[in-house]
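Only one structure is covered here, and it is reproduced in the block below.
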Amino acid sequence: MAKQQQYKFCFGPWNISEGQDPYGPTTRPVQTFDWKLEQLKKLGFDAMMFHDDDAVPDIDGKSAAQLRKEAKELKQKLDDAGVAAEMVAPRLWFSPNTIDGAYTSNDPKCRQYAIDRSLRCIDIAGYLDTDLVVLWLAREGTYMREAKNGQRSVELLVQALDKMLAHNRKIRISIEPKPNEPMDHAYIPTIGHALAIAQLTCDAKRVGCLIESAHAILAGLDPADEIDFAMAFGKLWSLHLNDQNGLKFDQDKPFGSANLRVAFNQVRALERNGYGKDGQYVCFDVHPFRTTKVEHWLAHLTNSKRTFMQLLRKARTFDEKTANQLIADRDYAALDQMVIEHLMGK
Ligand code: XLS
Ligand code: MG
C-alpha cells in the first residue's frame with residue numbers, strides 16, 4: 001500500500017480576529033502576537049502564514065536595517081517555538097497609496113510604492129526562511145470597468161511579477177485569486193487566470209497559485225476542480241481551506257461548515273494528487289463568527305482541522321471499487337447516493 005500522506009497544518013495571526021465587520025466594531029479584545037503563536041503551537045499546528053506587516057508591524061516607516069532586525073527577531077521566536085513560516089504576503093490594500101489598486105493603479109507613484117513594498121516583503125520572506133510569497137491581488141480590478149484598461153493592467157501585473165522574480169531568484173510566487181470583494185471585478189478571478197498570467201512572466205516555473213475554497217465558490221466554481229486543475233500543472237503551492245454559503249460577502253467559514261460534500265471532494269482531490277508531498281501546508285483561512293465569545297475564540301481553527309481529518313478518513317475509506325463499477329455502468333444515481341450515505345456514516 002502506498003505510504004499515506006501526513007498533512008501539515010497552518011494558519012495566520014489574522015485568523016484569530018476580533019469580530020469587526022463593515023457595520024460594527026470588534027467584539028473581542030485584540031490579543032498579542034506572542035499569545036497567538038502560543039495558541040498555534042498548543043493546538044498542534046506546524047506553521048504560521050504572514051502578511052508582511054504581521055511580521056514587521058508599521059513596515060512602511062521602517063528602514064531596511066530595522067526590517068531585517070525585526071524579521072530576524074521574529075524568526076528566532078518561531079524557531080524557539082518550533083513553528084515554521086509558511087509564506088509572506090504583501091498587504092497591498094491598506095495604504096493610501098493603494099486606493100486605486102497596487103500594481104495596476106493609474107498613478108505611477110502608487111505603482112512604484114506597490115513594487116517597493118513587494119520587494120521588502122520578499123526580503124522578509126528570506127529572513128523568515130521561506131521561499132513562498134503569496135499575492136492576494138485585493139485591489140487589482142475596478143469598481144467600474146471604464147476606469148482602467150484591462151489589457152494594460154495585464155501588462156502592469158506581468159511587469160510587477162517580473163520585478164519580484166528578479167529581486168530574489170529563489171522565491172516562488174503563489175497567486176491567490178478571488179473574483180470580487182473589495183473590487184466589483186478583479187483582474188485575476190480564477191486559477192486559470194493565475195496560471196495563464198504566470199506564462200507571461202520571465203520565469204513561469206516560479207509562478208504558481210494558492211486556492212482558497214471560498215474564493216472559488218464566489219467565482220461559481222467547484223474548489224475541488226480548481227485543485228485538480230492547479231495540480232495538473234504542478235502549481236498548487238499553498239491552500240486556504242474554508243467555506244462559503246453561496247454568493248455573499250467573503251465568509252471564511254470553518255472548513256466544511258456550509259457544504260460537507262464540496263469539502264469532501266476537496267480532500268479527495270488533494271489525496272489523489274499527492275498534495276503535501278513536496279512540503280506544502282494545509283492552511284485554514286477561517287474566521288470566528290462575530291458572535292464568538294473569547295472563551296471559544298479558537299474553535300473555528302480546531303473544528304476546521306477536525307473536519308479535515310474526518311473527511312480524510314472518509315476519502316481513504318471511500319469504496320473506490322464499487323464507485324468504479326457504478327461509473328462503468330453509468331449509474332450515477334447510485335453513485336450519488338453512495339457518496340451521501342458514505343458521508344452520513346452508513
Ligand atoms: C482575503 C484573503 C487573504 C489572503 C492573504 O480574502 O483570503 O486573507 O489569504 O492575503
Ligand atoms: Mg486567503
Side-chain angles (χ1 to χ4, degrees), residues 9-22 36 45 47-57 59 85-95 98 101-103 114 117-118 120-122 124-125 128 130 132-141 160 164 172-191 193-194 208-219 221 223 226-227 230 236-245 247-255 257-258 263 266 280-288 300-301 304 308:
F9 299 96
C10 171
F11 65 80
W14 68 90
N15 297 121
I16 307 183
S17 52
E18 295 84 26
Q20 68 271 38
D21 68 16
K36 291 180 179 181
F45 282 72
M48 194 177 244
M49 49 183 177
F50 290 93
H51 291 114
D52 51 4
D53 59 358
D54 294 321
V56 180
I59 178 175
E86 192 244 355
M87 63 82 166
V88 188
R91 197 193 296 275
L92 293 171
W93 51 94
F94 257 57
S95 159
T98 56
Y103 313 127
R117 169 100 183 221
S118 306
R120 283 156 73 83
C121 172
I122 291 171
I124 294 177
L128 298 186
T130 171
L132 195 64
V133 168
V134 167
L135 290 184
W136 171 47
L137 300 166
R139 298 195 190 276
E140 315 299 3
M164 287 182 247
R172 294 172 300 144
I173 298 175
S174 274
I175 300 176
E176 178 181 353
K178 182 178 178 182
N180 62 287
E181 201 200 27
M183 307 316 292
D184 180 11
H185 287 289
Y187 283 127
I188 308 290
T190 69
I191 291 303
H193 291 80
C209 64
L210 179 162
I211 290 168
E212 174 159 326
S213 327
H215 297 180
I217 295 166
L218 284 169
L221 299 172
E226 291 281 83
I227 290 172
L236 186 60
W237 300 336
S238 187
L239 183 67
H240 286 179
L241 293 182
N242 58 13
D243 214 348
Q244 171 73 28
N245 191 16
L247 302 183
K248 299 191 173 95
F249 60 94
D250 187 5
Q251 297 181 310
D252 294 334
K253 288 189 165 207
F255 183 52
S257 154
Q266 289 171 75
Q280 303 93 338
Y281 290 86
V282 171
C283 310
F284 296 111
D285 199 355
V286 291
H287 285 275
H300 61 304
L301 294 160
S304 292
F308 181 92

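Every number for a ligand or one of its atoms is a count from 1 in the order of the listing.
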Can you list the ligand 1 atoms lying under 4.0 Å from a non-hydrogen atom of [X]?
X	answer
H240	9 (O)
W136	1 (C), 2 (C), 3 (C), 6 (O), 10 (O)
K178	6 (O)
E176	2 (C), 4 (C), 5 (C), 7 (O), 9 (O)

(Q) Using the rule given for side-chain hydrogen bond (donor to acceptor under 3.5 Å, both in side chains), can you reason through S213 versus Q266, listing the C-alpha separation, both sets of side-chain angles and the distance that settles it, and then say yes or no? (A) CA-CA 9 Å; S213 327; Q266 289 171 75; 2.9 Å; yes
Q. What part of D250 sits under 4.0 Å from ligand 1 if we count only heavy atoms: the side chain, the backbone, both or neither?
A. side chain
**Q.** Location of contacts on E181 toward ligand 1, heavy atoms closer than 4.0 Å
**A.** neither
Q) So which protein heavy atom does atom 5 (C) of ligand 1 come closest to, and at what separation? A) H51 NE2, 3.2 Å
Q) Nearest protein heavy-atom contact for atom 8 (O) of ligand 1: which residue, which atom, what distance? A) D285 OD2, 3.0 Å
Using a 4.5 Å cut-off on heavy atoms from C-beta on, say whether the side chain of [Y] contacts that of [X].
X	Y	result
L137	Y103	yes
F50	E86	no
I188	E140	no
I211	L241	no
D252	E212	yes

Q. Is the closest heavy-atom distance from W93 to ligand 1 below 4.0 Å?
A. yes
Q. Judged by non-hydrogen atoms, does R91 sit under 4.0 Å from ligand 1?
A. no
Q | Aromatic ring pairing F255/F284, orientation class (parallel under 30°, perpendicular over 60°, tilted between) | A | tilted
From the N, O or S atoms in [X], identify the one nearest to the Mg ion (ligand 2).
X	value
E176	OE2
E212	OE1
D285	OD2

(Q) Quick check: closest heavy atoms across S174 and L132, and the distance to 0.1 Å? (A) OG-CD1, 3.6 Å
Q: Could you tell me whether R139 and E181 have a side-chain N and a carboxylate O separated by less than 4.0 Å?
A: no
Q) Is the distance between the Mg ion (ligand 2) and the nearest N/O/S atom of D252 smaller than 2.8 Å? A) no
Q) Below 2.8 Å, any N, O or S contact between H240 and the Mg ion (ligand 2)? A) yes
Q: Could you tell me whether a side-chain N or O of S118 sits under 3.5 Å from a main-chain N or O of A114, the two making a donor and an acceptor?
A: yes
